[in-house]
Protein chains: 2
Amino acid sequence: MSELTRPMRRQDIRRENEKAILLAAEKVFAEAGFGGATMQLIADLAGLPKANLHYYFATKEELYRSVVQNIFEIWLQAANCFDVARGPVDGISAYIDAKMEISRRHPDGSKVWASEVMHGAPVLQDYMESTLREWTDGRVEIIRRWIEEGQMDPVDPRHLLYMLWATTQHYADFGHQIETLNGGKSLSDRQWREAKENIKRVILKGIGALPA
Amino acid sequence: MSELTRPMRRQDIRRENEKAILLAAEKVFAEAGFGGATMQLIADLAGLPKANLHYYFATKEELYRSVVQNIFEIWLQAANCFDVARGPVDGISAYIDAKMEISRRHPDGSKVWASEVMHGAPVLQDYMESTLREWTDGRVEIIRRWIEEGQMDPVDPRHLLYMLWATTQHYADFGHQIETLNGGKSLSDRQWREAKENIKRVILKGIGALPA
DNA sequence: TTGCATCCTGACCGTATGGTCAGCTTTCAG
DNA sequence: CTGAAAGCTGACCATACGGTCAGGATGCAA
């Protein structure tokens with residue numbers, strides 16, 4: 001990585017190594033799960049000796065925690081699309097776009113997140129009970145207002161949110177299945193676009209937010 | 001389990017033990033993933049010595065394979081709802097009902113299946129390339145016919161199927177998240193019904209299958 | 001009752017894994 | 001230039017895990 005940047009500053013070293021480790025860890029955790037992942041595998045993928053991993057992350061748990069928190073940050077960031085919007089069409093469209101982009105660009109992270117939740121969120125339980133719950137409650141309120149304003153049908157806001165999460169997350173978590181059914185090839189740009197358009201159209205029409 | 005059925009027949013012994021082991025394995029694999037699951041844990045949960053597990057299932061892989069195949073059977077069975085139906089409203093409604101029932105009654109199995117796919121389907125790859133692909137292609141054809149007959153909008157059948165899988169599977173795989181957002185309590189009968197109704201209404205209306 | 005196949009299990013083994021550490025090299029402030 | 005702090009790592013350790021096996025218990029057909 002650095003044939004030319006010979007004299008690397010301390011800060012940079014730390015930042016780059018942590019980044020490389022986190023990236024490798026994300027991939028390995030996604031592919032093997034927490035239990036199946038090994039520090040050796042992560043180290044190899046990051047191109048570092050195993051002992052070096054323990055210099056930056058004391059334990060496997062700590063490393064895992066960092067990976068999961070990283071994803072959660074990205075996740076929350078995308079979630080803001082909801083706020084700026086004036087109505088369900090804008091808001092939900094933007095949110096679907098953002099979440100689909102995450103599924104496409106960070107499939108490993110999405111899988112780690114899914115895995116974490118599936119196993120009872122041992123690491124993120126407190127986040128779910130605080131940050132996630134608050135975010136959700138806020139969005140439920142927004143949707144409720146949209147309904148009151150007659151911008152969409154009276155659909156249960158929570159189940160609508162679950163539907164958005166499910167449909168978008170699916171393209172990351174079950175990406176392998178989708179690829180297999182796609183003749184073993186990953187989705188093309190065009191297919192990703194179609195996926196997004198389909199989801200948007202069905203959901204927006206389904207909640208009565210599209211002009212007749 | 002058998003204070004009164006003292007003399008247990010060979011057949012029964014085998015069947016009951018295999019059943020107990022598979023049930024325990026399903027739970028442990030769901031909670032810990034393949035890598036995190038241990039034969040000891042499964043044995044304890046099944047109430048048998050570890051060595052006894054290896055008498056019925058030679059290796060951890062073999063046991064896991066059995067669990068995954070079990071789920072796949074259930075999954076395929078539910079998938080037949082599609083065939084008997086005459087139109088999208090009947091077919092998709094029945095399918096959603098069936099898959100939601102699976103999510104509710106077999107959350108562990110659903111998680112194991114999700115985990116298997118997320119990790120690249122090491123065990124079920126061949127099934128996905130044969131059985132699953134055939135089933136999917138068949139259903140795509142059915143949906144295409146519905147579209148031609150004007151029973152629904154021209155929605156991409158594959159993405160519609162993914163949407164059905166995603167939304168229903170979500171209630172099992174992300175059940176913990178849903179429970180947390182539900183005040184830490186699992187969904188009531190009523191809430192499950194609402195979930196199903198919401199999904200059905202949004203999707204059926206979204207694909208233009210509901211009478212105006 | 002007898003002989004045998006099935007069922008069962010405590011004790012054991014080799015290996016892989018997470019983690020440690022002593023001591024090395026490199027950076028950099030003063 | 002220098003010394004201390006930060007970065008690095010090969011070798012090592014304790015443990016836990018998947019799997020084995022010899023030998024005992026049990027049901028069952030003849």
Side-chain angles (χ1 to χ4, degrees), chain A residues 1-22 24-29 31-68 112 119 122-123, chain B residues 1-22 24-29 31-68 112 119 122-123:
Chain A
M1 193 179 288
S2 54
E3 299 290 310
L4 302 172
T5 34
R6 213 72 61 56
M8 207 184 259
R9 286 180 316 170
R10 285 254 174 83
Q11 255 190 337
D12 296 341
I13 290 177
R14 178 151 221 119
R15 192 150 18 93
E16 282 201 18
N17 279 346
E18 283 181 349
K19 195 172 158 188
I21 293 170
L22 285 171
E26 185 175 283
K27 183 165 187 179
V28 173
F29 282 133
E31 286 176 355
F34 178 80
T38 72
M39 294 299 269
Q40 189 62 62
L41 229 68
I42 296 171
D44 291 348
L45 193 62
L48 296 169
K50 192 185 70 165
N52 208 354
L53 256 66
H54 283 98
Y55 174 73
Y56 288 104
F57 299 91
T59 67
K60 190 183 175 186
E61 273 82 7
E62 190 184 317
L63 175 54
Y64 175 75
R65 187 185 305 267
S66 296
V67 171
V68 172
V112 175
H119 297 75
V123 163
Chain B
M1 192 178 291
S2 54
E3 298 291 309
L4 303 171
T5 35
R6 214 72 61 55
M8 209 183 257
R9 287 180 315 172
R10 282 258 173 80
Q11 255 190 336
D12 296 341
I13 290 177
R14 176 152 222 120
R15 192 151 19 93
E16 281 200 20
N17 279 346
E18 283 181 349
K19 196 173 159 189
I21 293 170
L22 285 170
E26 185 175 281
K27 182 164 188 180
V28 173
F29 281 133
E31 284 175 357
F34 177 80
T38 72
M39 294 299 269
Q40 189 62 63
L41 230 68
I42 296 171
D44 291 348
L45 193 61
L48 296 170
K50 193 185 68 165
N52 208 353
L53 257 66
H54 283 97
Y55 173 73
Y56 287 104
F57 300 91
T59 67
K60 190 182 175 185
E61 274 81 6
E62 190 184 315
L63 176 53
Y64 175 75
R65 187 185 305 269
S66 296
V67 170
V68 172
V112 175
H119 297 2
V123 163

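Here is how names work: the chains are called A, B, and so on, in the same order as the sequence lines, proteins then strands, and each is numbered from 1. Worth saying up front: this structure is predicted, and the values here are computed from it rather than measured.
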Please list, chain by chain and in numerical order, all residues satisfying side-chain hydrogen bond (donor to acceptor under 3.5 Å, both in side chains) with A:Arg65, sequence neighbours excluded.
none
Run the side-chain contact (heavy atoms from CB on, under 4.5 Å) test against B:Leu22 and tell me which residues pass, sequence neighbours left out.
B:Phe57, B:Leu63, B:Ser66, B:Val67, B:Asn70
Would you list the atom pairs, donor with acceptor, under 3.5 Å between side chains in residues 43-54 of chain A and any protein atom, with sequence neighbours excluded?
| unit_1 | atom_1 | unit_2 | atom_2 | d |
| --- | --- | --- | --- | --- |
| A:Asp44 | OD1 | A:Gln40 | NE2 | 3.1 |

side-chain hydrogen bond (donor to acceptor under 3.5 Å, both in side chains) involving A:Arg14 - partner list, sequence neighbours excluded
A:Glu18
Atom pair distance, as rounded to whole Å: CG in A:Leu41 and C1' in C:dG18
14 Å
Within the 4.0 Å limit for protein heavy atoms, which parts of nucleotides 11-22 of chain D are touched? Write it as a string from 5' to 3', B for base, S for sugar-phosphate only, - for none.
------SBBBB-
Name all residues meeting the side-chain contact (heavy atoms from CB on, under 4.5 Å) criterion together with A:Glu61; count only those two or more places apart in sequence or in a different chain, and write none if there are none.
A:Phe34, A:Thr59
If you round to the nearest 0.5 Å, how far is CG of B:Asp12 from NZ of B:Lys19?
11.0 Å
In the structure I gave you, are the side-chain heavy atoms of B:Lys60 and B:Phe29 within less than 4.5 Å of one another anywhere?
yes
Scan nucleotides 5-8 of chain D against the protein and return all N/O pairs shorter than 3.5 Å with their distances rounded to 0.1 Å.
| unit_1 | atom_1 | unit_2 | atom_2 | d |
| --- | --- | --- | --- | --- |
| D:dA5 | N3 | A:Arg10 | NH2 | 3.2 |
| D:dG7 | OP1 | A:Arg14 | NH1 | 3.3 |
| D:dG7 | OP2 | A:Arg14 | NH1 | 2.5 |
| D:dG7 | OP2 | A:Tyr55 | OH | 2.6 |
| D:dG7 | O5' | A:Tyr55 | OH | 3.3 |
| D:dC8 | OP1 | A:Asn17 | ND2 | 3.1 |
| D:dC8 | OP2 | A:Asn17 | ND2 | 3.2 |
| D:dC8 | OP2 | A:Tyr56 | OH | 2.4 |

Pairwise distance CD1(A:Ile42) to OH(A:Tyr64) - rounded to 0.5 angstrom:
11.5 Å
What is the distance, to the nearest angstrom, from the CG atom on B:Asp12 to the P atom on C:dC7?
12 Å
